[in-house]
Amino acid sequence: VSIGELWRRLIHLFRRERVTVELEEEMRLHLELRADANRKAGMGAGDAESAARRRFGNRGVIQMDSRDAWGLKTLESFTQQFRHAFRSFRRRPLFFAVSTLTLGVALAFSTSVFSLVDGFKHPPNPFPEPERTFWLQWYGAGDPVHPGVTGDQMIEAVRRVDAFDGLASSGIEFKRVRAGNQEGLRTIAPVSSNFFKVLRVRPRIGRDFGDVDGRLLDAVIVSDRLWRASFQNRPSLGGATIAVEERTYTVVGVMPRGMSYAGPFRDTDVWRLGAAGEAQGGAACCFLSAHLRPRAERRSADAQLTTIAAQLTHTFGQVGGRVYGFTLHDLRYSARQLDAGHVALLLAAFCTLFVACANIAALMLARAVARRRDLALRLSLGATQRSLALEQLAEAAVLAVSGGAAGLLLTVWAGAAIGRAIPPEMRWIAMVDPHWSGGLFTMVFGALTCVVLLTGALPAWQVSRIEPMEPLKEASGGSTGRTAHRMKVVVAAEFATALVLLVGASLGVRSAIRIARFDFGFDPGALIGASGRFVYRWDLNLFHWPDAASALLPRVLASPGIVSATTFAIGQPEHNQIYSDITTGGSPPILAGSYLIVGARFFETTRIRLLSGRDFEEGDAARGAVIVDERAVPALFPDGKVLGRRVKFGSPEGPAPWLEVIGVAKRADLEFPSNPDGPRWPPIYATVPHQDPKRWMIVARSSGDVRQAALRLDRTLNSLLPASAPAYVSPYDADYQSLVRSVGINLKLFGALGVASLLLTATGLFAVLAYTVHQRMREFGVRVALGAQRRHLLRLVLRDGGEMALAGTGVGAFGAMLVITLGVPISGPLYGIEPTDPVALIVAEGVLLVVALAACAVPAVRAMRADAVEILRAN
Amino acid sequence: MSIKPSRDEIPPGTLDMLILTTVAREGLLHGFEIASAIERQSASVLQVEEGSLYPALQRLLIKGWLSGTWGRTPENRRARYYRLTAAGRKRLESEVESYQRVARAIALVLRPA
């Protein structure tokens, strides 16, 4: 068939009314001319016309034959089948709605989870030519005394490599960025104006740095991540600005998804124009990026760089035995390793998909059997087997399309919901932006369509084997034993799979509860932690500070919103041993990996309760004092007398001083333990002179909004400290809270998959029970007529449902234990809960059985209402 | 009293060829003229079944071997006139050639020993 012919067929398809009218006109003319000819041959007027009509034949048949020539007949037959399918679904809206929703839910959940995990495993690569674009790592002699080559000199040197057709420079700085309503430390890259041209990356909104920006240095380009988080991913720039420290910049472009490159740093959010090597005032921070000229080979670039390195070494000399050298790193992204959480998510998505497929199969099987009689009747009334088979397939196709449409809507919704649910700090998963992939949607849709068409084809295939009289003779009783059995197996398999998913979800819930209920022993909610470290001694000397912690404490206390603050450090006891004056005699010392060196008013600040004694005061540090956690008392002071006794961090003969115990504190954990069941040292608090003056930690109590207070404190401290020794300030329990949130997200994902599979399984059970009850109504009628009680009927239906649920959950429990034993993760990371936790299994079983009972309720009630007279009369 | 010639049906599969040949020879023709021309040229031996003429014409239009334009008959009636297209001419040549080959073969078989 040529394209021209197809085109003509298509034209006539749309103009079929006109084609029919024209053909009719042609045939009328033919008849008139034939009648004229007959008249001329001597026939009478009436005879001439009827002879012409006789010879011409049936005009209706000719019209049909002509339409056949246009291929319209096949099309009309298809249209008819689809119309029939729609009518059939209109008669059974519940079946249609449940099937469509099953397909939609399965599509949405599987696509979202697959996209999420795929996005993590294969991060989006924004570089169009990743194998020809390089980060050019260079190393060589240089220290503050011998700075060596400068950034500009290095660029000049590398520019001589003619294998490159572009060379760009970038630096790196970590600064406080205020964008939209968000503020925080972000990675900023000062770059040369040709940076993105060399990388061949184009902004997805706005523009690249142009030459004009070389003079207007207030332009920045931001990452897709920052744009989504701070500017709600709006489609145009609309004069957006961001503030870096106190300076305001205009956003001129937004980078595509996944672009966060600036040399070795892959978490850049802001690119601004800057001179080479400007970032931290030294050439050591100048990163170079280069693009390989077309047809040039990497080998030749390497060779030329080796020559340049030798020249640089010759010119600038060796410092500390180091020479200049280059390494090229291409910008190809490699696939990431999936962790147990991802594998569990994938497994859960596959399980949901399987449950949905089984559900569709059960629904279609139930419908197919219920329709046997109807099909047999139509077959005996003259319908062709082909048309009946086509009708079944058309129904399956309509179902697939409606399920696909529902799936598309739900997938878009689920993508947005996941996006809203995942906080940016949830690193294991937030490394990708939640999105949904069209390719994966098509794959899942294809798999589901296959299931629908195959199960839809079953009745079509059965039609060809129907002996019309057989189902008619059976009336509604039906010898459907084998099909009913098949359906029960399918539903039991659904139960088994749903159980595996629910065990995973229950494990997650138990783990999340354990995390959320962790008791620190005090309320860390209003506390702020601030810490930092001076890298260079000369930086610390510049401020004339004996130690950073004591110097910074007054500044912290002066910060608005701070009511009290104290210093905080970790000390290591010699040989991990702590002795008291009464354990030196021979009883074993207390073993501790660390003790806490705290400042005055530590207990006032943290509000850890003191059971006896007093808080640390100014001046305690000079002579040294100790407060012990109540859990340490039995080991250190078996006689229970604590106050006024002495403690030593290290062996009795060691150099550490004996310190007086001035109080006993209530049980408190200052950190969230990574292993809740592992050994935990009870904290022992001591106030002694600072051991490491370069490292500092301060804990402060805020009076109002802890986040605002932390932000203000951050600004105060960082405006004071040098860029090489920034302060890291955050609410004290920020890490714990982000863990709680990330566990919550994990739980929501698994929970959603678990609930979806639970609902699908319940629907499957309901459909099969409803069908079996429908099929057995005649039997129930006979039983009632013979004197059976209603409760016997109830028992019969419940037994049917119970068989499927128990068999399914039994197999499921075995399967879940088997996969857990094989080491397959069925839940996200667990905290303090064993995968074989019996409570999780019992909860999952219980939930499934309750839902199964609920699904049995409606069919059971229907069976109980069986009216013998009415049913037997109907049959 | 003239002897009425015996009428034969058009052999299966040859109607398309006869229509194409007739339109090729006569130029623009409408349906009735095509049927009449075939009868006339076959000395009234072949009688076109009018019921199959119009589906055949539709088929040839679809294939692009004929094109149809609406015009007026000498009696001022509206009629669709058919014309042979370039593709139709090519098709006709190959069909005639194939037919002649078959006819020659049949003649050979039927030749008296």
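None of these values were measured; they are calculated from a predicted model. To find a chain, count down the sequence lines: A is the first, B the second, and so on, and within it residues start at 1.
In Phe89(A), the CZ atom is crowded: over 12 heavy atoms of neighbouring residues, nucleotides or ligands sit closer than 6.0 Å. Crowding of Glu75(B) atom CD: a count of heavy atoms from other residues, nucleotides or ligands under 6.0 Å exceeding 12. By the neighbour-count criterion of 12 heavy atoms within 6.0 Å, atom CD of Glu26(B) is densely surrounded, having more than that number from other residues, nucleotides or ligands. No more than 12 heavy atoms of other residues, nucleotides or ligands shown are found within 6.0 angstrom of CZ on Arg92(A). Within 6.0 Å of atom CH2 in Trp70(B), more than 12 heavy atoms from other residues, nucleotides or ligands are found, so the atom counts as buried in its surroundings. More than 12 heavy-atom neighbours from other residues, nucleotides or ligands sit within 6.0 angstrom of CZ on Arg72(B). Within 6.0 Å of CZ in Arg40(B) there are more than 12 heavy atoms belonging to other residues, nucleotides or ligands.
The heavy-atom pair separating Ala35(B) from His30(A) by the smallest distance is CB-CE1, 4.2 Å. In plain terms, the two heavy atoms of Val19(A) and Gln58(B) that are nearest each other are CG1-OE1, 4.3 Å.
Heavy atoms closer than 4.5 Å to chain A are found nowhere in Ala56(B), neither backbone nor side chain. Of the two parts of Leu33(A), the backbone and the side chain both hold a non-hydrogen atom closer than 4.5 Å to a non-hydrogen atom of chain B.
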message = Walk me through whether Arg80(B) and Glu24(A) qualify under salt bridge (Lys or Arg N to Asp or Glu O under 4.0 Å).
response = CA-CA 11 Å; Arg80(B) 174 154 39 199; Glu24(A) 190 59 41; over 6 Å; no

request  = Report the C-alpha distance between Glu32(A) and Phe32(B) in whole Å, list the side-chain angles of each, state the deciding distance to 0.1 Å, and finish with yes or no for side-chain contact (heavy atoms from CB on, under 4.5 Å).
outcome  = CA-CA 10 Å; Glu32(A) 285 169 11; Phe32(B) 184 78; over 6 Å; no

task = Check the pair Leu29(A) / Arg78(B) against side-chain contact (heavy atoms from CB on, under 4.5 Å), numbers first and verdict last.
result = CA-CA 8 Å; Leu29(A) 175 72; Arg78(B) 228 169 86 82; over 6 Å; no

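Ring orientation note: the planes of Tyr54(B) and Phe56(A) are tilted relative to one another, at an angle of 30° to 60°.
The residues Arg59(B) and Asp65(A) are annotated as not salt-bridged, no charged nitrogen and carboxylate oxygen being separated by less than 4.0 angstrom.
Contact count versus chain B (heavy atoms, under 4.5 Å) is highest, among Arg59(A), Gln63(A), Arg34(A), for Arg34(A).
Residues Ile62(B) and Arg9(A) form a side-chain contact, since some pair of their non-hydrogen atoms from C-beta on lies under 4.5 Å apart.
Between atom CG of residue Leu53(B) and atom CE of residue Met27(A) there is a gap of 11.0 Å, rounded to the nearest 0.5 Å. Annotation: the span from Arg53(A) atom CZ to Glu50(B) atom CD amounts to 13.5 Å, rounded to 0.5 Å.
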